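Only a predicted model underlies this, so the values are computations on that prediction, with no experimental measurement involved.
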Amino acid sequence: MMFKLAVELAMLMNVVAASSEIDEISLARLRGECVQEIKRLNGNFRFEDAVEWQS
């Protein structure tokens with residue numbers, strides 16, 4: 001099951017990367033913010049959380 005999830009996540013990341021232009025500094029900053037948010041939510045992150053966060 002983890003392998004299937006990893007494949008799906010890799011596909012999603014490639015689609016997003018192909019359709020957006022993000023510099024390395026912004027990507028590193030986003031990663032740090034995501035780590036903090038996932039810690040705060042104890043790993044329970046939903047798509048709706050991302051939509052709200054980006055608004």
Side-chain angles (χ1 to χ4, degrees):
M1 189 62 162
M2 290 295 288
F3 181 79
K4 280 181 78 173
L5 183 58
V7 169
E8 294 299 320
L9 184 57
M11 291 173 60
L12 178 62
M13 288 189 294
N14 276 283
V15 168
V16 171
S19 63
S20 61
E21 295 180 17
I22 186 166
D23 60 276
E24 290 183 32
I25 293 171
S26 297
L27 184 59
R29 187 176 301 131
L30 176 62
R31 182 179 309 279
E33 291 175 7
C34 288
V35 167
Q36 293 303 314
E37 187 72 359
I38 295 300
K39 284 180 182 179
R40 186 180 72 78
L41 296 171
N42 294 320
N44 189 17
F45 192 77
R46 301 170 305 136
F47 186 76
E48 290 82 2
D49 297 325
V51 170
E52 182 180 326
W53 190 26
Q54 293 298 322
S55 296

Quiz item: Say you draw a straight line from CZ of Phe47 to CD of Glu52; how long is it, rounded to the nearest 0.5 Å?
Solution: 12.5 Å
Practice problem: Kindly give the cluster partners of Ile25, where membership spreads through any ILVMFWY side chain lying under 4.5 Å from a current member. | Solution: none
Practice problem: Taking side-chain hydrogen bond (donor to acceptor under 3.5 Å, both in side chains) as the test, write out the residues that go with Arg46, two or more places apart. | Solution: Asp49
Which donor-acceptor pairs under 3.5 Å do side chains of residues 11-19 form with protein atoms, sequence neighbours excluded?
residue	atom	partner	partner atom	Å
Asn14	ND2	Ala10	O	2.8
Ser19	OG	Val15	O	3.1
Ser19	OG	Val16	O	3.2

Quiz prompt | Inter- and intrachain pairs under salt bridge (Lys or Arg N to Asp or Glu O under 4.0 Å), touching residues 23-32, at least two apart | solution = none
Quiz item: Is it true that atom CD of Glu48 has more than 12 heavy atoms of other residues, nucleotides or ligands lying nearer than 6.0 Å?
Solution: yes
Quiz item: Considering residues at least two apart in sequence or located in another chain, which fulfil the salt bridge (charged side-chain N to carboxylate O under 4.0 Å, His left out) criterion with Arg40?
Solution: Glu37
Exercise. With sequence neighbours left out, write down each residue that passes side-chain contact (heavy atoms from CB on, under 4.5 Å) with Lys39, or none if nothing qualifies.
Key: Val35, Gln36
